[in-house]
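Below is one structure; the comments refer to it alone.
A note on names: the letters A, B, ... follow the listed sequences, proteins ahead of strands, and every chain is numbered from 1.
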Amino acid sequence: MPTALINLSIIDIKLMLAQFAQGLQDVIPESALDRIATASKPLKIKFGADPSAPDLHIGHMVVLKKLRILQDMGHLVQFLVGDFTAMIGDPTGKSETRKPLTSEQVKANAESYKTQVFKLLDPAKTQVVFNSEWLDKLTSREMIKLSAQYTVARMLERDDFQKRFSQERPISIHEFLYPLLQGYDSVVLENDIEMGGTDQKFNVLMGRHLQKEYGKPVQAVITAPLLEGVDGVQKMSKSLGNHIGLLESGQDQFGKIMSIPDTMILKYFSLITDASPEELLQFKFELDSGKNPKFLKEELGVRLVSFLHSPQEAMNAKEAFNRVFSQKLNPEDMPVLSIPPTPTKWTDFMVLHGMAPSKKEASRLIEHGAVSLDGEILRDSLAFFLGKPEQVLKVGKRRFYRFK
RNA sequence: GGAGGGAUUGCAGAGUGGCCAAAUGCAACAGACUGUAAAUCUGUCGGGCUUCGCCCUUCGAUGGUUCGAAUCCAUCUCCCUCCA
């Protein structure tokens, strides 16, 4: 009975379960939800992460929030750092071959993961594990046995493999090992559930298959939808540069939320906030009846920053945003720069302080009318510096500096 | 092992002797507009300068042909495909 796990009423359990189930993509088998509610001992839930890109973003929040609910119901999350799988590298990626990470890097990244993950997860109910721990020891013999558990034909069913195969693009053998090893992790950890984004569905299902082949109890598979990045088109990812990082400042997070396409507002609300279905309907109604989407984005930004930082910081971020962008005023805090002691050209000054990567770029900014001193636009890119103390230099829309 | 295709400015992708710092798209940056860092429109997008003109460095690497090369030749490096 659930109450044996943790002190929760039947009603609490029902509510939490409903909250958990909301918006999930796949639940295989469906009975997994019952099991979550009625388990008599904590279920072991695996969530894997690739340590080569240790910056988590709000796209990860979708799954992490779900995991947190499970923890609150008394279950255990095994946060798996795929340090071994990351070390294999991926030579076919047309970017560059992944560099193997040193164990120091892995450690550092794992630490960084923790600070990020524990913004959402409960440390007391989270176990961090590294798959190199057992995969390092896997012998060739065992590797062959593992490979024998799956066929090429079935492997090629995976979307991206299928696509590449039909387009006669290369697939390296070791790429087949990825899903196998990921599944093998579940065999070793004896997970009851594995969670991930929908892009992980195939790999996660492999865990089920392999557990069965190895004569273990079979894990349930639960996937959550992927969140598009701030461009509203591609999935959120750091390498695409369309992400909002969990560790970014509240102001940046808020600003980035304000830059998502209006069509993404409801999706963001449903995936990364605790908005109830009723609220979502209300928001949809408001949008349909012509409410300025700006206000909903503000609400979204406030909720996100409140959650990741604090309500106070959220209000500050909102105020600063409106101050700078709606009222076109200067922000309250801005970096302070000293006035150069010797005659300096604006372009040199700007490059010196990182306002532009080259003098050429600096003069372009000036020619575009993007640089102003106390509201007065600088026009001459050849001019010499003439700032005075307390004056405010503005570069572009959102960079402000004050002279001292 | 054999045959063929390719390497271009952040990415994608044109360009096959001068008009090429190199089309176009995306991204990025800026301006206008907007009660948004949305959308849309416009512009910019290697670097430097005595800045509307000039100079320097770039088209995998090195050497060569030529008045002149991203474009032709040679060698090398890397990548891919097919056949075995």
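- Base pairing of B:U65: no nucleotide in any strand meets the Watson-Crick or G-U wobble criterion (both distances under 3.5 Å).
- Rounded to the nearest Å, the gap between the P atom of B:U62 and that of B:C52 is 35 Å.
- Taking atom C1' on both nucleotides, B:A14 is separated from B:G6 by 15 Å, rounded to a whole Å.
- A:Lys267 has a carboxylate O that lies under 4.0 Å from a charged side-chain N of A:Glu228, or vice versa, which qualifies the two as a salt bridge.
- Atom C1' of nucleotide B:U36 and atom CG of A:Leu300 are separated by 12 Å, given to the nearest angstrom.
- Look at the C1' atom in both B:G46 and B:U9: the space between them is 7 Å, to the nearest Å.
- We find that CD of A:Glu299 is positioned 15 Å from C1' of B:U36, with the value rounded to whole Å.
- A close approach under 4.0 Å does occur between a side-chain nitrogen or oxygen of A:Ser358 and OP1 or OP2 of B:G48.
- Between A:Asp262 and A:Lys297 there is a salt bridge, since at least one side-chain N of the basic residue sits less than 4.0 Å from a carboxylate O of the acidic one.
- Only the P atoms considered, B:G25 is 22 Å distant from B:C19, to the nearest whole Å.
- Pair assignment for B:C82 gives B:G2, based on Watson-Crick or G-U wobble hydrogen-bonding distances that are each under 3.5 Å.
- Remark: B:U16 base-pairs with no nucleotide in the shown strands. Criterion, Watson-Crick or G-U wobble with two distances under 3.5 Å.
- When rounded to the nearest whole Å, the span between NZ of A:Lys359 and P of B:G46 equals 18 Å.
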Self-check item: Heavy-atom protein contacts under 4.0 Å, nucleotides 20-34 of chain B, coded B base, S sugar-phosphate only, - none
Solution: ---------SSS--B

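- A:Phe202 has its ring centre no less than 6.0 Å from the ring centre of A:Tyr178.
- In this structure, A:Lys360 does not reach the B:G46 phosphate: none of its side-chain N or O atoms is under 4.0 Å from OP1 or OP2.
- Candidate nucleotides B:G35, B:A37, B:U50 were compared by shortest atom distance to the side chain of A:Lys345, and B:U50 ranks first.
- Distance CG (A:Asp380) to P (B:C49): 14 Å, rounded to an integer number of Å.
- For residues 126-158 of chain A, the pairs satisfying ring-ring contact (aromatic ring centres under 6.0 Å, His included) are A:Tyr150-A:His209, with sequence neighbours left out.
- The nucleotide B:A27 finds no pairing partner, because no Watson-Crick or G-U wobble arrangement with both distances shorter than 3.5 Å includes it.
- Whole-Å rounding puts the A:Asp231 CG to B:A37 P distance at 18 Å.
- Residue pairs meeting the salt bridge (charged side-chain N to carboxylate O under 4.0 Å, His left out) criterion with at least one member in residues 200-217 of chain A, sequence neighbours excluded, are A:Asp26-A:Lys201, A:Glu190-A:Lys216.
- Look at CZ on A:Arg323: it is 16 Å from P on B:U36, rounded to the nearest Å.
- Taking 4.0 Å as the cut-off between side-chain N and carboxylate O, A:Glu248 and A:Lys256 count as a salt-bridged pair.
- Residue-to-nucleotide proximity on RNA chain B shows that, of A:Ser363 and A:Gln327, the 5′-proximal contact is made by A:Gln327.
- In this structure, A:Lys294 is not positioned above the aromatic face of A:Phe325 in the sense of NZ or CZ being under 6.0 Å from the six-membered ring centre and within 45° of the axis.
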